[in-house]
Amino acid sequence: MEKRNAFYAQSGGVTAVINATAWGGMETARKNKDKIGKGYAGRTGILGALTEDLIDTSRESARAIAALKHTPSGAFGPCRYKLKSIDENRAQYERLMEVFQAHDIGYFFYNGGGDSQDTSNKVSQLSRKMGYPIQCIGIPKTVDNDLPVTDNCPGFGSVAKYVAVSIREAAFDVRSMAETSTKVFVMEVMGRHAGWIAAASGLAGENEGDAPHLILFPEIAFDRKRFLARVKQCVKRYGYCVICVSEGARFANGKFLADAGSTDAFGHKQLGGVAPVVADMIKQAHGYKYHWAVADYLQRAARHIASKTDVEQAYAMGKAAVQFALQGKTAILPIIVRTSNKPYRWKIGSTSLARVANREKMMPRSYITRDGFGITQRCRSYLAPLIRGEAYPPYKGGLPDYVQLRNILVPKRLATTYAV
């Protein structure tokens, strides 16, 4: 096999473990120096390839690369940028080929969710159409857990753990104060179309009366009257009510409870805070004192409480991507295949990029209780293994000791620049 250079980039929202995936891939590539030359990373995702802003990861020590395993965020700067089709913007693709050829890039690894794997798939198609050979491997990542085919997505397990822990701790607080103070607590979590993260909050409750008492899923149409009646019932029965609401909660007509009226770079609706909307709704109807919280970036950045299972799977996906490329495979995505629940076991499989690009996996109705406000035992059995185990980062001076790479850029070889 001809020795060629590799390009890796991160895309979309970050996770607590996406850098562990980078670590897995880069460590594996470094162990195969006879087959893979330089390891480049795109500064700000695919934009780094278009603008020829390539980070030379070989300038980082093995120790610094290994420290990525316990460092949150995107070490090289991800992006929210969607390539158009080759027919819509051929110049964009020709630019990619110019950069890849100038730097002898023969391996392309793109770490992201469904929209990002659409980019991976387009680059693969581009390679065939333009006659420039690139082995293109997508790598799964998304806190939303909405990629199809794979059992679960790296990044989700740690968010799920954070949400379940946070709502349990908040519930203890509210319950202790409910007699004379706050009676309702609303926590908002991510999940535009799929309620996986909201469902994870249900792991916090183990017995009758445990919080969360109500979960609002994007998959279940919001019924204001029925919801408010259940809140009142909970307060009467337990003395307080804890609610987890997905940012994508919507009415029967499809309108989000918190539609901000704008869209993001991928064309998705930009959602405002749904927690205060729900909390105010309860206040107006029942007069209960309330508090609300929006987990927002905290839930996906919380490496200090990451799931050990999630860290291990994230690393495995990066490693597998490089191994698949070395086997001559292209246009595929490594995936997680669950082989057993008790005991929990999993293995690595693969699927074509075309099967995951621009597709979303919703919560099965069988995972949501008949009343639409909780999770079933089947859902609990699916979720529980994903949050197991602790993988604490090293601490220094009482704070997590995270690495910041130097991210030294490779000298540009093209005379022309590209304006994004």
Let's go through Thr339 and Arg345 carefully: what are the C-alpha distance in whole Å and the side-chain angles of both, what is the deciding distance for side-chain hydrogen bond (donor to acceptor under 3.5 Å, both in side chains) to 0.1 Å, and is it a yes or a no? CA-CA 5 Å; Thr339 59; Arg345 292 195 180 100; over 6 Å; no
A quick test of your reading: do over 12 heavy atoms of other residues, nucleotides or ligands sit less than 6.0 Å from CZ of Phe172? no
Side-chain donor-acceptor pair present, Glu312, Thr309, cut-off under 3.5 Å: no
In this structure, CG of Asn407 is separated from CG of Asp56 (nearest 0.5 Å) by 10.5 Å
Is there a donor-acceptor pair under 3.5 Å between the side chain of Arg303 and the backbone N or O of Ala391? yes
Parallel, tilted or perpendicular, judged at 30° and 60°: which one describes the rings of Tyr240 and His213? perpendicular
Looking at residues at least two apart in the chain, or sitting in another chain, which of them share a side chain to side chain contact (heavy atoms under 4.5 Å, CB included) with Tyr392? Glu390
Does some side-chain heavy atom of Val231 sit less than 4.5 Å from a side-chain heavy atom of Leu214? yes
Contact check, side chains of Arg4 and Ile36, non-hydrogen atoms, under 4.5 Å: no
Pair Thr28-Lys319, side-chain donor/acceptor within less than 3.5 Å: no
Inspect the surroundings of CZ in Arg365 and state if more than 12 heavy atoms from other residues, nucleotides or ligands are less than 6.0 Å away. yes
Are Leu257 and Val278 close enough that some pair of their side-chain heavy atoms sits under 4.5 Å apart? yes
Has Lys329 got more than 12 heavy atoms of other residues, nucleotides or ligands less than 6.0 Å from its NZ? yes
Which value, rounded to the nearest 0.5 Å, describes the distance between Lys225 atom NZ and Asp223 atom CG? 8.5 Å
Which is it for Phe7 and Phe108 under the ring-ring contact (aromatic ring centres under 6.0 Å, His included) test, yes or no, and what are the steps along the way? CA-CA 5 Å; Phe7 174 86; Phe108 178 89; 5.6 Å; yes
Under a plain distance cut-off of 3.5 Å, with no hydrogens placed, do Tyr8 and Asn111 share a side-chain donor-acceptor pair? yes
Strictly by modelled atom types, are Gln117 and Ser120 linked by a side-chain donor-acceptor pair under 3.5 Å? yes
Can you find a heavy atom in the side chain of Ile86 that is under 4.5 Å from one in the side chain of Lys122? no
List the atom pairs, donor and acceptor, that lie under 3.5 Å between side-chain atoms in residues 41-48 and the rest of the protein, sequence neighbours left out.
{"from": "Arg43", "atom 1": "NH2", "to": "Asp53", "atom 2": "OD2", "distance (Å)": "3.4"}

To the nearest 0.5 Å, atom CE of Met317 lies from atom OG1 of Thr21 at 8.0 Å
Is Arg355 atom CZ crowded by more than 12 heavy atoms from other residues, nucleotides or ligands, each under 6.0 Å away? no
Please determine whether a side-chain nitrogen of the Lys or Arg among Asp371 and Arg230 lies less than 4.0 Å from a carboxylate oxygen of the Asp or Glu. yes
Side-chain heavy atoms of Tyr93 within contact of Lys129, under 4.5 Å: no
When the aromatic ring centroids of Trp196 and Tyr382 are compared, is their separation below 6.0 Å? yes
Which atom pair, heavy atoms only, marks the closest approach of Pro334 to Gly138? CD-O, 2.9 Å
Taking the side chain as everything from C-beta on, heavy atoms only, tell me whether Val163 gets closer than 4.5 Å to Met187. yes
Restricting to non-hydrogen atoms, name the atom on His193 and the atom on Glu219 that form the minimum distance, rounded to 0.1 Å. O-OE2, 3.8 Å
So how far is it from Ser246 OG to Asp144 CG, rounded to the nearest 0.5 Å? 8.5 Å
Please determine whether a side-chain nitrogen of the Lys or Arg among Asp34 and Lys3 lies less than 4.0 Å from a carboxylate oxygen of the Asp or Glu. no
Interatomic spacing from CD1 in Ile18 to CD in Gln10 - rounded to 0.5 Å: 4.0 Å
Quick check for you: to the nearest 0.5 Å, what is the distance between Glu188 atom CD and Asp296 atom CG? 8.0 Å
For the aromatic rings, using the six-membered ring if either is Trp, is the centroid distance between Phe185 and Tyr290 under 6.0 Å? no
Dump the intermediate steps for side chain to side chain contact (heavy atoms under 4.5 Å, CB included) on Thr376 and Ile368, then the final yes or no. CA-CA 6 Å; Thr376 62; Ile368 302 172; 5.7 Å; no
Taking it one step at a time, do Ile55 and Ile408 satisfy side chain to side chain contact (heavy atoms under 4.5 Å, CB included)? CA-CA 5 Å; Ile55 295 166; Ile408 299 171; 5.9 Å; no
Can a donor-acceptor pair be found between the side chains of Asn32 and Gln323 at a distance below 3.5 Å? no
In a check of side-chain contact (heavy atoms from CB on, under 4.5 Å) between Ile336 and each of Thr150, Val149, Leu147, which one passes? Thr150
Any side-chain donor near an acceptor of the partner, Thr15 and Arg300, under 3.5 Å: no
Does the side chain of Asn19 come under 3.5 Å of the side chain of Thr71 through a donor N or O and an acceptor N or O? no
Tell me, with the steps shown, if Asn152 and Gln313 meet side chain to side chain contact (heavy atoms under 4.5 Å, CB included). CA-CA 10 Å; Asn152 60 282; Gln313 292 180 338; 2.9 Å; yes
Could you go through the side chain to side chain contact (heavy atoms under 4.5 Å, CB included) check for Gln299 and Val189 one step at a time? CA-CA 8 Å; Gln299 64 199 291; Val189 298; 3.7 Å; yes
Regarding Thr51 and Arg95, do their side chains bring together a donor and an acceptor under 3.5 Å, going by distance alone? no
Any side-chain donor near an acceptor of the partner, Lys82 and Asn358, under 3.5 Å: yes
With the side chain counted from C-beta on, respond yes when Cys136 and Leu353 share a heavy-atom pair under 4.5 Å apart, and no when they do not. yes
Minimum side-chain heavy-atom gap Val356-Thr351 below 4.5 Å: yes
Donor-acceptor pair between Glu98 and Tyr418 side chains, under 3.5 angstrom: no
Can a donor-acceptor pair be found between the side chains of Glu52 and His103 at a distance below 3.5 Å? yes
Can you confirm whether or not the ring centre of Phe222 sits under 6.0 Å from the ring centre of Phe227? yes
